[in-house]
There are 2 protein chains.
Amino acid sequence: MANFGLDDLRLVNPRQGWPRTDDYRDVAYSAAAGATDLLDAARVFASIEAAVGDLRAVYATTARERGQMKAVLSPSAAMGATAAAVGEKRGILFGPERTGLDNNEVAIADAIITFPSSPAYASLNLSQAVLLCGYEWFKAAHGDKPPPSTIPRVVSPPAQREMLLAFFNYLENELDENGFFRPVTKKPGMRRNLRNIFHRMELTQQDVRTLWGAVVRLAEGPRVEVKTRKRARQKNTGA
Amino acid sequence: MANFGLDDLRLVNPRQGWPRTDDYRDVAYSAAAGATDLLDAARVFASIEAAVGDLRAVYATTARERGQMKAVLSPSAAMGATAAAVGEKRGILFGPERTGLDNNEVAIADAIITFPSSPAYASLNLSQAVLLCGYEWFKAAHGDKPPPSTIPRVVSPPAQREMLLAFFNYLENELDENGFFRPVTKKPGMRRNLRNIFHRMELTQQDVRTLWGAVVRLAEGPRVEVKTRKRARQKNTGA
């Protein structure tokens, strides 16, 4: 629930009462992984009717369609309608883990939510059913996008064409000097293929600087101290 | 995974080895709730690189965007693309429960999947992340619809207009006799409102028979044996 901004938890007639005072209390608070406000604020009702009294619509979740004359919706359809009904309080009814909702409980709802799933393993557990409803609610209400990053992201702007062409020229020149374009009649085609590979990458300016640096190292050999570089080159060329 | 028709589970270098031979084995098989084929068929790899070697694309799941220069997709966008790439094997990479994937592991992937969620509680646990990816995969590959019902459903056809009008006539006649339409000048509007309520229900033929029967009972009083009905009526009307 907290993952998806839901905060109104209503418990109907819990077998062991609520709040629990035994060991289960610690288990529940630990499993809530920080979202303990939800547990503290949970309200207990004696019946489903009492729990849904103030709501404008109620969905019942079932593993399979029940043959009741009632609309059967996917979670996304139900949550899309809920997000569209701005200012209207709606509820989602989940059954006990083992038995699910019985037919009389389903009858209290306006419509049924059933989950798209493999016919061979259609049954989700309670936490999974809550998760999928919350997830579809969040997508419908807040959009299908990741939470904002907390890492300040330095986005390098896309490389301008001028920068790309300068890189291509440098690269192709080095390749040419090293005898890459053979036979020479194939050079125009090979050049085009090579450029297309880089164009597909949608390179940023930083990407081009990184690649350019890599090509320089490949072409010039290991980096050496400035004062010894000249000597090293002379040695490499046998001068 | 089994809920959503996924069956290729790959484990990378599990700390305690796999298959487990201790008590955890029983815990895992019990938690699988019938989907034990998945556990039996799980394959172990020594590295992520080895695990993804035969795949055409790999998604890395992260709780938040990581500032890597890599596409960040919602599960629905990633699974939509995966379903569209028919015949192309793709994989989803999940990190260990506590730490998630580190940056080097994320770098192995082609793109990142991050989950739409409340910024206050963005982090999903491993099973939730797997569930949401599986769910979006199933929706993209098989459609956003509930599994077929196993209960043979006898669907009553929609009530034909003729049947509805006959019911309205009967109802309005009974109401008229009982002095419902007062003041009489408001009768046309009251009649329209009443009919619109029933039209909104999109009644089936069975629905109309049910409602008609209910109105008959309300209008005629308790059902009595045929041979005594006449007498009962005479008594009611004081005859």
Side-chain angles (χ1 to χ4, degrees), chain A residues 1-6 31-35 38 62-69 71-77 112-125 127-128 131-132 134-136 138-139 142-156 202-204 206-207, chain B residues 1-7 31-35 38 62-69 72-77 112-125 127-128 131-132 134-136 138-139 142-156 202-204 206-207:
Chain A
M1 288 180 64
N3 283 131
F4 304 115
L6 299 173
L38 268 172
T62 69
R64 290 177 188 277
E65 201 261 289
R66 292 297 192 81
Q68 291 200 22
M69 284 304 299
V72 178
L73 307 173
S74 68
S76 64
I112 290 173
I113 292 176
T114 296
F115 303 90
S117 63
S118 165
Y121 291 94
S123 195
L124 299 171
N125 71 31
S127 74
Q128 293 173 323
L131 186 84
L132 293 184
Y135 169 72
E136 291 289 6
F138 191 89
K139 287 207 302 180
H142 303 285
D144 184 19
K145 56 187 188 299
S149 175
T150 50
I151 301 169
R153 181 176 174 173
V154 183
V155 180
S156 175
E202 298 175 11
L203 298 167
T204 66
Q206 183 53 53
D207 291 336
Chain B
M1 288 180 63
N3 284 131
F4 304 115
L6 298 174
D7 58 11
L38 268 172
T62 69
R64 291 178 187 278
E65 201 261 288
R66 293 296 191 80
Q68 292 200 20
M69 285 303 300
V72 178
L73 306 173
S74 69
S76 64
I112 291 171
I113 292 176
T114 297
F115 303 89
S117 63
S118 166
Y121 292 94
S123 195
L124 300 171
N125 71 30
S127 74
Q128 294 172 323
L131 187 82
L132 294 183
Y135 170 72
E136 291 289 6
F138 192 88
K139 288 206 302 179
H142 303 285
D144 185 20
K145 54 186 191 302
S149 176
T150 51
I151 302 169
R153 180 176 175 176
V154 183
V155 180
S156 176
E202 299 176 9
L203 297 167
T204 65
Q206 183 52 52
D207 292 335

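Within every chain, numbering begins at 1; the chains are lettered A, B, ... in the order of the sequence lines, protein sequences first and strands thereafter.
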What part of Tyr135(A) is in contact with chain B, defined as an atom under 4.5 angstrom from a non-hydrogen atom: side chain, backbone, both or neither? side chain
In terms of heavy-atom pairs under 4.5 Å, which option from Gly134(A), Gly143(A), Gly34(A) contacts chain B the most? Gly34(A)
Quick one: of Asp207(A), Asp144(A), Asn125(A), who has the most non-hydrogen atom pairs under 4.5 Å with chain B? Asp144(A)
Restricting to non-hydrogen atoms, name the atom on Tyr121(B) and the atom on Asn3(A) that form the minimum distance, rounded to 0.1 Å. O-ND2, 2.6 Å
Nearest heavy-atom approach of Ser118(A) to Gly5(B) is CB-N, 3.9 Å
Dump the intermediate steps for side-chain contact (heavy atoms from CB on, under 4.5 Å) on Ser74(B) and Lys139(A), then the final yes or no. CA-CA 10 Å; Ser74(B) 69; Lys139(A) 287 207 302 180; over 6 Å; no
Specify which of Ala35(B), Pro75(B), Ala120(B) makes the most heavy-atom pairs with chain A at under 4.5 Å.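 Option with the greatest count: Ala35(B).
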Heavy-atom contact with chain A under 4.5 Å, split by part of [X]:
| X | value |
| --- | --- |
| Ala2(B) | both |
| Lys145(B) | backbone |
| Ser127(B) | neither |
| Phe138(B) | side chain |

